[in-house]
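Numbers restart at 1 for each chain; the letters A, B, ... are given by sequence-line order, proteins then strands.
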2 protein chains.
Amino acid sequence: MPPVEVAERIGRANTSLTPAERRVAEVVLERPQLVAFGTVADLAEAASSGAATVVRLAGKLGYDGFTGLQASVQHSLASQLRPAAERIREPAATDAIGRHLQFELDNVSTTLRALEAVALADVVAHLAAPKCRVHVLSGDASNGVARQMVGDLLALRDDVHLLDGNDVAVRRKVSQLRSSDVLVTIDLRRYDRWVIETARSARAGGVWCVAITDSLLSPLAALADRTLTVAAASGGPFDSHVGTLALSNVLVAGVADRLRLQATDRLDRAESAWQSTSSLMDR
Amino acid sequence: MPPVEVAERIGRANTSLTPAERRVAEVVLERPQLVAFGTVADLAEAASSGAATVVRLAGKLGYDGFTGLQASVQHSLASQLRPAAERIREPAATDAIGRHLQFELDNVSTTLRALEAVALADVVAHLAAPKCRVHVLSGDASNGVARQMVGDLLALRDDVHLLDGNDVAVRRKVSQLRSSDVLVTIDLRRYDRWVIETARSARAGGVWCVAITDSLLSPLAALADRTLTVAAASGGPFDSHVGTLALSNVLVAGVADRLRLQATDRLDRAESAWQSTSSLMDR
DNA sequence: TCTCGACTGGAAGATTCGTTCCAACTATAG
DNA sequence: CTATAGTTGGAACGAATCTTCCAGTCGAGA
């Protein structure tokens, strides 16, 4: 939602900006109103820089001083104002992007609204249980989201595993499950047979199962101890897993909240490891 | 569309306005941007009145001079500028789920609104190019989303690869890139150094690069041919990649649209393979 | 360690802007 | 026709803002 004109120029000047100028540029992108309505001093304060730096940035971007930059932002904002009011009356989304936007907003909204607090708390409690092992099982279509969940949970606790690989490997892993383990199964309509069967055999072994699926009528829901439903409507050829990922984020945040002490310790250790190898960069 | 605050006051003072003041008030209602962005002189000229009349009107409306009137209009305009339409419906943001809901809705909304049609078309064209190979490179935190994208694209076309594994493997793969290839790099702030360096060396080899990142000021944006920005605000400990996934879905849908014939053929073959092994179930 | 260059923010100067004052103008009542 | 109250816009004043200049600071390289 930042103005296109200035965003374009900032992107072009990206490499030639000094640190202080970069701070100002970030504020310009993130808070355009401050540029449109505010003054040089306001921007400078928000960016923790001097007024001169603000003016220099404007010049570097090709504008005629801060006045030129401000005029550009005002123009962009004004053009965003009219259509905004008119689009509200007209919910019809003609363009492809707008159609996707509606689908995805609806997926997120439907998925999270359907999530009940008690169900969430129950699942989180199991995922945060200290001595259990967590296994994530996913249909092929949602494999990436499942990996995302595993990765996030691994940053918070040990013993989180994705059940994948070939059929033999999965069967071997499932045979090793303990009754104290937790299984998260993610699969939507057009269910993968092997996923269902794997989940069923795990359940038969006494593993506590939570299903993340598209309907309470799903075969997954039939064998799970808890079922969380997701919306996956899409404007494209495949199901959208945006709602699923949003749900995963809520679960992960819940686990992080429960494991605050251990998790922060874990994160700190990871952080210091990154620091020592300087494998992360801020800019 | 006119700001409620001033409209209210103008309506209240309706009868006590002089002719010239009335002309100014009309302009204020019909062209609020002129008040928000302009000066006393601008308003006076638009209303064919003197500057003093403008100031007098502001005082009559109960504002502290023109400055007060302008501040009021700016405030109203700024509130109309945000995607407040979705937030207002939400009753409150007290519970954890509601907070996540707001974050994720905003991520999706901001990300897809920032997507320009021409940029989308350009990226889709490259991703759908017949003879090129597509490589996806991702930071650790967005690994799952990257895999999701690779999986979806693989359902539509050949030669889509995720650049991962150990450092040596990645370097080997990068060294094999051709100038006709396409590289999709996904990484957000706290950029993984190896991702940036890998992308840079690929770019040096003439590979067409698209960056999916959180800001135009990202180091990725500096070296990419195209940059798509995503919003990743989160109520949890980690960045949310919901917006990124939504963007990926739009890209995938675009590619599917371009490759309709080949893609449907591909999907049909996959479908029949599933059918023959009955590896998918409807219920 | 020293030098040179780039970067940065404070301060002065120039400009614009908001406010106020007041003379000119208009309309209405006597 | 005249006088008075109300209205209006130009002009001056003071405040705020933008711009420019410059000395201090930091870091890289010799």
Side-chain angles (χ1 to χ4, degrees), chain A residues 5-6 9-10 13-28 31-75 77-78 278 281-283, chain B residues 5-6 9-10 13-28 31-75 77 217 219 222:
Chain A
E5 166 89 19
V6 286
R9 298 201 186 194
I10 290 179
N14 189 343
T15 57
S16 64
L17 294 182
T18 69
E21 287 170 352
R22 180 177 303 266
R23 288 201 307 275
V24 176
E26 290 187 12
V27 176
V28 171
R31 302 171 59 184
Q33 308 98 352
L34 203 59
V35 183
F37 300 139
T39 70
V40 171
D42 294 332
L43 243 183
E45 186 186 352
S48 302
S49 77
T53 303
V54 172
V55 178
R56 269 192 296 269
L57 172 67
K60 235 180 207 178
L61 295 180
Y63 292 109
D64 185 16
F66 173 79
T67 308
L69 168 67
Q70 190 177 48
S72 173
V73 174
Q74 287 178 349
H75 200 268
L77 245 54
S278 68
M281 33 197 301
D282 279 329
R283 57 186 175 83
Chain B
E5 168 90 19
V6 286
R9 300 202 184 193
I10 289 179
N14 191 350
T15 58
S16 64
L17 294 183
T18 70
E21 287 170 353
R22 181 175 304 269
R23 288 201 307 277
V24 176
E26 303 257 347
V27 177
V28 171
R31 302 171 60 185
Q33 306 99 349
L34 204 59
V35 183
F37 300 138
T39 70
V40 171
D42 295 332
L43 245 184
E45 184 184 353
S48 302
S49 78
T53 304
V54 172
V55 178
R56 270 192 295 268
L57 172 67
K60 241 182 201 175
L61 295 180
Y63 292 109
D64 184 17
F66 173 78
T67 307
L69 169 68
Q70 190 178 47
S72 173
V73 174
Q74 286 179 349
H75 201 271
L77 246 54
L217 293 173

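Nearest heavy-atom pair, Ser72(A) versus Tyr63(A), reported as atom, atom and distance to 0.1 Å: OG-OH, 3.1 Å. Across all their heavy atoms, Leu61(A) and Ala13(A) have their closest contact at CD2-CB, 3.9 Å.
Rounded to a whole Å, the CZ atom of Arg56(A) is 13 Å from the P atom of dT19(D). The distance between atom CG of Asp64(B) and atom P of dA16(D), rounded to the nearest whole Å, is 12 Å. For the pair Phe66(B) CZ and dA16(D) P, the interatomic distance rounds to 16 Å; values are reported in whole Å. The separation between Lys60(B) atom NZ and dT7(D) atom P is 6 Å, rounded to whole Å. Rounded to an integer number of Å, the gap from CD of Gln70(B) to P of dT16(C) is 18 Å. Residue Glu45(B) contributes atom CD, which lies 15 Å from atom C1' of dG10(D) at whole-angstrom precision. Between the P atom of dT7(D) and the CZ atom of Arg22(B) lies a distance of 12 Å, rounded to the nearest Å. Summarising the geometry, the separation between CG on Leu17(B) and C1' on dT8(D) is reported as 15 Å, rounded to the nearest angstrom.
When heavy atoms are screened at a 4.0 angstrom cut-off, Asp42(B) is found touching no nucleic acid atom at all. Residue Ala52(B) is in base contact, counting any heavy-atom pair closer than 4.0 Å across all strands shown.
Interatomic distance, Glu26(A) CD to Ile10(A) CD1, rounded to the nearest 0.5 Å: 9.5 Å. In this structure, OG1 in Thr53(B) is found 10.0 Å from NZ in Lys60(B), a value given to the nearest 0.5 Å.
OP1 or OP2 of dG9(C) has at least one side-chain nitrogen or oxygen of Thr53(A) nearer than 4.0 Å. For dA16(D), neither phosphate oxygen OP1 nor OP2 lies less than 4.0 angstrom from any side-chain nitrogen or oxygen of Thr39(A). Residue Ser49(B) places no side-chain N or O under 4.0 Å from the OP1 or OP2 atom of dT8(D).
Residue Thr18(B) has its side chain nearest to dT8(D) when only dT8(D), dT19(D), dG18(C) are considered.
Using a 4.0 Å cut-off between charged nitrogen and carboxylate oxygen, Arg9(B) and Glu5(B) count as a salt-bridge pair.
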